[in-house]
There are 2 protein chains.
Amino acid sequence: MTTTPDAKPRGTRLPRMARRRQLLSAAQEVFVENGYHAAAMDEIAERAGVSKPVLYQHFPGKQELYLALLDLHVDDMITRCRDALASTTDNKQRVQAAIGAFFDFVSGQGEAFRLVFESDLRNVAPVRQRIERNLRESAEMISQVIQEDTGCSSDEAHLLGVGLVGMAEVSARYWLSSNGSIPKDAATQLMARLAWRGISGFPRTG
Amino acid sequence: MTTTPDAKPRGTRLPRMARRRQLLSAAQEVFVENGYHAAAMDEIAERAGVSKPVLYQHFPGKQELYLALLDLHVDDMITRCRDALASTTDNKQRVQAAIGAFFDFVSGQGEAFRLVFESDLRNVAPVRQRIERNLRESAEMISQVIQEDTGCSSDEAHLLGVGLVGMAEVSARYWLSSNGSIPKDAATQLMARLAWRGISGFPRTG
DNA sequence: GGGTCATCCTACGCGCGGGTAACCAGGTCA
DNA sequence: TGACCTGGTTACCCGCGCGTAGGATGACCC
């Protein structure tokens, strides 16, 4: 069913770093399936084929474990976005690539995007901080391009950037959930067209 | 500080319906401030100036209380969106009004939008259901207009609708959090311009 | 005044789950 | 061969917070 590719014959000894990676992988499965609160440390340990204290030898607590995972994927998303914008200097293709980054992120690595886009635990400061960092930095990069291309003020460009990120994020999640009704390429191109028509040569007033 | 306008001199007896409304109001405060999980039934009761069993005479459990509140605000959001689209037949103004609906919703009634847009508890089926209903119905209404106006297929129009809703939602939340840097009217007009440029006369292919 | 009904209180049961104490096993090196 | 280090285990503690049992209090009617 939903078994990790990692072997787990409850009894194999692993070197520290290998075990750590495996624990992170198990934790990701459980957190993604159940969310933070419904996830039990017992289950994470069990899923890794190991007992609970082992978990606590690698991570001081549940929240820290979660944050480690969250950091990983926030960095991933930001990197994808940055790379997309750096992949070309043609702004139309930049839009296409950036939107594609969101669709790729959402369809990648075992639904890990849920940690970033659907986290319960937003009320805890360190988590909120990381999630907002994702939005802020992605939008910041985009708003840079917008400001160069149009005459918008910084505040306006930021708001537009945030709007575009929101569009990409929400549509990507929706596309994933309605699996199959539209192929990925078609979906990204559709959204890219919407975004590009909206943003290209954006008028200062109008 | 953050006290309800309702009086709460711990000892006043209230008729059933009045008490119920007051409990809902107290619960909203606490759920919005802390999220579902960090919210304690004890605190909700205390905030209402009443003891816990009273709460349980009105609602069978914590989750049902939360759902009652959630329903209220999901309905509110959907109604705002529907009214916005029905307020005119000019599609450009429709876009403006619909975006405005999101900004109004977000800035209204004590940050209650957090229940709909930032709920921890999405993993619980009845909650997820209601949150998705909001997205689905809002996007559905918009996609109707899109299909009439452009030659898009139903699937494409739905994806576009979801994207626009996401754009509105996320930008509205961002605008609220960066309080003051842009006036509300300017922000909605900015986003409406982005959306309208993107969607108006959307080409079947391109 | 006394029944009775609705409203509200104090005080407790209890399960769940994060975190820990104390102990075992096997490889390596002097 | 025995000290020792690394990696692992079982079994437990304990606090928090939802939900409830059982009792008080006051309004209203006869």
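Throughout, protein chains are lettered first and strands after them, A, B, ... in sequence-line order, and every chain is numbered starting at 1. Quick caveat: nothing in here was measured; it's all calculated off a predicted structure.
Taking the side chain of A:Tyr56 as heavy atoms from C-beta on, and the options C:dC8, C:dG18, D:dT9, the nearest nucleotide is C:dG18. Listed nucleotides C:dG18, C:dC9, D:dT9 differ in distance to A:Ser51; the shortest reach to its side chain belongs to D:dT9. Candidate nucleotides D:dC18, C:dC9, D:dT9 were compared by shortest atom distance to the side chain of B:Val54, and C:dC9 ranks first.
The ring of A:Tyr36 has its center closer than 6.0 angstrom to the ring center of A:Tyr66.
For A:Ile44 and C:dG17, the CD1 to P distance is 12 Å, given to the nearest whole Å. Rounding to whole angstrom units, NZ of residue A:Lys62 and P of C:dT20 are separated by 15 Å. Rounded to an integer number of Å, the gap from NZ of B:Lys52 to C1' of C:dC14 is 12 Å. A:His58 has its NE2 atom 8 Å from the C1' atom of D:dG7, to the nearest Å. Rounded to an integer number of Å, the gap from CG of A:Leu14 to P of D:dG8 is 7 Å.
Across all strands shown, A:Ala18 has no heavy atoms under 4.0 Å from either base or sugar-phosphate atoms.
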Stepwise salt bridge (Lys or Arg N to Asp or Glu O under 4.0 Å) test for A:Asp75 and A:Arg133: CA-CA 10 Å; A:Asp75 288 346; A:Arg133 184 173 82 91; 2.5 Å; yes
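Taking only side-chain nitrogens and oxygens, B:Arg19 comes nearer than 4.0 Å to OP1 or OP2 of C:dC8.
Comparing B:Arg16 and A:Gly61 by the nucleotide of DNA chain C that holds the closest heavy atom to each, the one mapping nearer the 5' end is B:Arg16. Nearest-nucleotide positions on DNA chain C place B:Gln57 closer to the 5' end than the other of B:Gln57 and A:Asp42.
Inter-residue side-chain proximity for A:Val50 and A:Gln22 is flagged as unmet; no heavy-atom pair is nearer than 4.5 Å. Between A:Met17 and A:Arg21 the shortest side-chain heavy-atom distance falls below 4.5 Å. The shortest distance between side-chain heavy atoms of A:Trp196 and A:Asn91 falls below 4.5 Å.
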Mind listing the N/O atom pairs, protein and nucleotides 24-28 of chain D, below 3.5 Å?
residue: D:dT25; atom: O2; partner: B:Arg13; partner atom: NH1; Å: 3.4

